[in-house]
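First the structure, in the form of structure tokens, and then the observations on it.
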Amino acid sequence: MRYWLMKSEPDEVSFDDVLSAPGQTVAWFGVRNYQARNFMRDAMAVGDGVLFYHSSCAVPGVAGLAEIASGPYPDASQFDPASHYHDPKATQEAPRWISIDVRATEQGRYLPLAEMRAIPALEGMALLQKGSRLSISPVTRGEWDAIVKRLRARGA
DNA sequence: GCCAACGTTGGC
DNA sequence: GCCAACGTTGGC
């Protein structure tokens with residue numbers, strides 16, 4: 001059982017979108033970075049915990065909890081010439097990019113990035129390191145616990 | 001819109 | 001295989 005942080009632009013797919021999807025499950029598509037892809041392909045397993053993070057928006061932060069709900073399969077958008085994510089070098093025989101299903105499990109209070117920076121337990125978190133841009137990054141058990149605690153905190 | 005940091009591309 | 005140029009990410 002591992003833990004992950006996955007970034008999504010809420011204008012594209014928000015945590016609310018996942019909550020209202022059938023089975024509260026969506027295909028995670030559009031990853032076009034090899035390191036992030038390799039995490040999906042090689043290290044993720046069904047049932048792993050996911051921090052669903054909103055990026056490139058007014059208040060970036062963790063919007064809710066989710067879990068990995070499938071193994072890897074080819075990302076359909078790479079084959080679609082009309083898609084923003086089209087990859088002309090990808091073929092059906094040799095796909096480059098993969099998707100994985102993600103299922104929303106719990107919505108707590110929203111945890112903004114600015115608040116995360118003030119939590120000592122998160123000091124070493126990959127997301128908070130200078131220059132970190134990876135859309136998928138591993139989260140330690142300690143970081144997971146600290147964030148879940150905040151998501152479940154009463155008030156505010 | 002700015003800009004720092006990073007990944008990718010392509011000439012050599 | 002180096003590395004400069006370019007494109008992208010993403011917080012602010």
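Heavy-atom basis, side chains included; hydrogens, waters and symmetry copies ignored.
If you take CD of A/Gln35 and C1' of B/dT8, they are 14 Å apart, rounded to a whole angstrom. The nearest whole Å value for the distance from the CD1 atom in A/Ile136 to the P atom in C/dT9 is 14 Å. Distance OH (A/Tyr53) to P (C/dT9): 15 Å, rounded to an integer number of Å. Computed from coordinates, the A/Arg117 CZ to C/dC12 C1' distance equals 10 Å when rounded to whole Å. When rounded to the nearest whole Å, the span between CZ of A/Arg133 and C1' of C/dC12 equals 17 Å. Between A/Leu127 atom CG and C/dT9 atom P there is a gap of 16 Å when expressed in whole angstrom units. Atoms CG (A/Asp11) and C1' (C/dG11) sit 15 Å apart, rounded to a whole Å. To the nearest angstrom, C1' of C/dG10 lies 8 Å from CD of A/Glu9.
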Practice task
Kindly determine whether A/Gln92 and A/Phe79 satisfy side-chain contact (heavy atoms from CB on, under 4.5 Å), including the steps that lead there.
Solution key: CA-CA 7 Å; A/Gln92 297 281 350; A/Phe79 308 123; 3.6 Å; yes
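The only member of A/Val50, A/Asp145, A/Val139, A/Thr140 that meets side-chain contact (heavy atoms from CB on, under 4.5 Å) when paired with A/Tyr3 is A/Val139.
At B/dG7, none of the side-chain N or O atoms of A/Arg37 fall inside 4.0 Å of OP1 or OP2 (strictly under the cut-off). Distances shown here put every side-chain N or O of A/Lys130 at or beyond 4.0 Å from the OP1 or OP2 atom of B/dA4.
Across every non-hydrogen atom of A/Gln78 and A/Ala90, the tightest pair is OE1-CB, 3.2 Å.
If you check B/dG7, C/dC12, C/dG10 against the side chain of A/Ser55, the one that comes closest is C/dG10. When distances are taken from the side chain of A/Lys89 to each of B/dG7, C/dG10, B/dT9, the shortest belongs to B/dT9.
Annotation: the span from A/Arg109 atom CZ to A/Arg152 atom CZ amounts to 13.5 Å, rounded to 0.5 Å.
Contacts of A/Arg32 with the nucleic acid, taken as non-hydrogen atoms under 4.0 Å apart, are absent.
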